[in-house]
Chemist: 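Would you mind keeping the following structure in view while I ask a few things?
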Amino acid sequence: MIRWLVGLIGWSLAATSALAADPVTIGVGYLGIAGTRSTLSLVEQPAENDGVAGARLAIEDNNTTGKFLNQRFTLEERRIKEGEDVVQAASALAEKNGFIVADLPADALLKVSDALRDRGTLLFNVGAIDERLREADCRANVIHTAPTRAMLADALGQYLVWKQWKRWLLVVGSHDEDKLFADALRRTATRFGAKIVQERTFEDKGGARRTDSGVTLIQRQMPVFTQQAPAYDVLVAADESEVFGAYLPYRTWDARPVAGSAGLVPRSWDAAQDQWGAIQMQNRFFKLNSRRMTALDMQAWTAVRMIGEATSRTNSGDVRKATDFIKGPDFSVAAFKGTRLTLRDWNLQLRQPILLVDGRMVVSVSPQEGFLHQVSELDTLGYDRPESKCKLK
């Protein structure tokens, strides 16, 4: 009896000592570009903390679970100003943080990933939707929570085809990113049996729209620009540069819906999302930030939650163990989108449903019913394994 009591006391002291030990600190860096990009709509201007606000919320969520596992998550933020060395900034973050959430353009992200390759730092791309980052320029130390242009285009195309709106008038902006989205839309049309009846280019000639005569000018210009088109079911706009797309709905010559960069828009997340428990996420985010959650916020939140999920499941703050688990077959993360999200092992792109939104409501969610796949219906969005040119390095 005495021996049993002594053993019990010894176990209790050991447990108390373990609980009293300093928590394992897991550092997460956030690297982005200083400033925000202006949009045509005044009500859609991005906040200064767009993206990083989602990461902050996820750090709170991770710490809620982490306190039971003696883990503590921290977030170090760094914004790059014009002319600053992005590699130097990333290297400074990597000194204290094994994980970096990156909202960077494609070229800058590649520079950072190559510079940090030998340090074992794991990067999460939350902003760049460029296909090449998952194809010819894919990297083994970069995981992508941002969807690709092909994923967004396929999500939209599936719905338009499901609606039997198969004749598209494609309007493309004159900037490089507009042309990349147009390429994705052409691929989608071919893939799902839609027909682009005509393409038109909207040249960016500069000039301010926000003038007293701006509405009158737009009301005259857009009908003229879209008239005399072959018969079409829907106008699909490729306007990532935010030059003309928002002016198209209700102003086309023919009474037709608009989709793509305006009208019905594909996004990884939207403030209107309220299904699958999302309302509690939206409310918590609003309470902290006094604004609604954007797609970039959600992509950053998902990245940090992936880190939290991996470190809790491995019960370790070791970056290598977490990386191996995230890339392994047992990993998944819940993200209020109706299914657990997993990673495509051939290019490290996160599989995810895509919301189709109109600015006020979620109209639909892709993949659409009837678009089947032998592994995962989510792989009907974007480049599938047989199509991929990625060779992780």
Side-chain angles (χ1 to χ4, degrees), residues 27-39 46-56 58-59 75-152 175-178 180-181 240-242 267-269 294-307 319 323 326 347-350 390 392-393:
V28 180
Y30 188 98
L31 184 61
I33 303 297
T36 58
R37 179 177 177 178
S38 181
T39 63
E48 289 289 338
N49 64 351
D50 191 19
V52 73
R56 292 171 187 164
I59 288 289
L75 184 68
E76 182 180 355
E77 304 169 22
R78 179 70 187 272
R79 296 280 186 169
I80 305 298
K81 297 179 181 178
E82 187 175 356
E84 282 192 82
D85 188 335
V86 67
V87 171
Q88 185 178 6
S91 298
L93 274 181
E95 291 289 338
K96 299 179 181 178
N97 306 284
F99 306 93
I100 294 180
V101 175
D103 176 22
L104 298 171
D107 289 339
L109 182 65
L110 289 173
K111 289 180 181 178
V112 169
S113 65
D114 290 343
L116 300 183
R117 180 186 302 166
D118 296 333
R119 302 183 65 155
T121 307
L122 184 61
L123 298 165
F124 288 81
N125 167 33
V126 301
I129 62 176
D130 303 70
E131 215 70 45
R132 65 188 179 96
L133 293 175
R134 290 82 162 172
E135 291 297 311
D137 292 331
C138 65
R139 297 291 189 270
N141 63 337
V142 182
I143 288 171
H144 308 275
T145 61
T148 65
R149 287 185 178 91
M151 291 170 67
L152 297 171
H175 295 269
D176 289 342
E177 59 266 36
D178 306 332
L180 290 172
F181 189 33
E240 285 188 22
S241 52
E242 286 271 345
R267 287 179 180 157
S268 67
W269 189 258
T294 68
L296 183 58
D297 289 320
M298 187 57 178
Q299 287 154 200
W301 181 90
T302 303
V304 178
R305 280 296 299 124
M306 290 174 72
I307 298 167
V319 177
T323 300
I326 290 172
N347 64 0
L348 305 185
Q349 170 65 51
L350 188 69
C390 173
L392 292 171
K393 56 183 179 180

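Sequential numbering from 1 along the given sequence is applied to the chain's residues.
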Chemist: How far does CG of Asp137 sit from CG of Asp130, to the nearest 0.5 angstrom?
Modeler: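 With rounding to 0.5 Å, CG (Asp137) is 9.5 Å from CG (Asp130).
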Chemist: To the nearest 0.5 Å, what is the distance between CD on Gln299 and OG1 on Thr294?
Modeler: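 Atom-to-atom, Gln299:CD and Thr294:OG1 are 8.0 Å apart.
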Chemist: Report the distance from atom CG of Asp50 to atom CG of Asp297, rounding to the nearest 0.5 Å.
Modeler: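 It is 5.0 Å, given to the nearest 0.5 Å.
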Chemist: Could you tell me whether the side chain of Arg79 and the main chain of Glu77 form a donor-acceptor pair under 3.5 Å?
Modeler: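 No; zero donor-acceptor contacts below 3.5 Å.
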Chemist: Below 4.0 angstrom, N of the basic side chain to O of the carboxylate: do Glu177 and Arg149 qualify?
Modeler: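 So Glu177 does not pair with Arg149 through a salt bridge.
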Chemist: If the test is side-chain contact (heavy atoms from CB on, under 4.5 Å), which one of Val142, Ile307, Ile100 qualifies with Phe124?
Modeler: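 Among the candidates, only Ile307 passes.
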Chemist: Under the rule for ring pair (Phe, Tyr, Trp, His ring centres under 6.0 Å), what residues qualify as partners of Trp301, not counting sequence neighbours?
Modeler: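 Listed in chain order: Phe336.
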Chemist: Among all residues two or more places apart in sequence or in another chain, which pass the side chain to side chain donor-acceptor pair (under 3.5 Å) test with Asn347?
Modeler: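 Partners of Asn347 by the side chain to side chain donor-acceptor pair (under 3.5 Å) criterion come out as none, since no residue qualifies.
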Chemist: Side-chain contact, heavy-atom cut-off 4.5 Å: Trp269 with Thr302?
Modeler: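 Heavy-atom side-chain distance check fails, nothing below 4.5 Å.
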Chemist: Can you list every pair that meets disulfide (SG to SG under 2.5 Å) and has a residue in residues 83-117, with sequence neighbours left out?
Modeler: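 The answer is none; no pair qualifies.
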Chemist: If you look at every heavy atom in Tyr30 and Leu75, which pair is closest and at what distance?
Modeler: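 So the minimum-distance heavy-atom pair works out to CB-CD1, 4.2 Å.
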Chemist: What's the verdict on salt bridge (Lys or Arg N to Asp or Glu O under 4.0 Å) for Lys393 and Asp114, showing C-alpha distance, side-chain angles and the deciding distance?
Modeler: CA-CA 10 Å; Lys393 56 183 179 180; Asp114 290 343; over 6 Å; no
Chemist: Has the side chain of Glu76 got a donor or acceptor atom that lies under 3.5 Å from a matching backbone atom of Gly27?
Modeler: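 Judged by distance alone, no pair lies under 3.5 Å.
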Chemist: Ignoring hydrogens and angles, state whether a donor on the side chain of Thr39 or Glu242 is under 3.5 Å from an acceptor on the partner side chain.
Modeler: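 Judged by distance alone, the side chains do not pair up.
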Chemist: Above 12 or not: heavy atoms from other molecules or residues under 6.0 Å from CD of Glu84?
Modeler: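 For Glu84, atom CD is crowded (more than 12 foreign heavy atoms under 6.0 Å).
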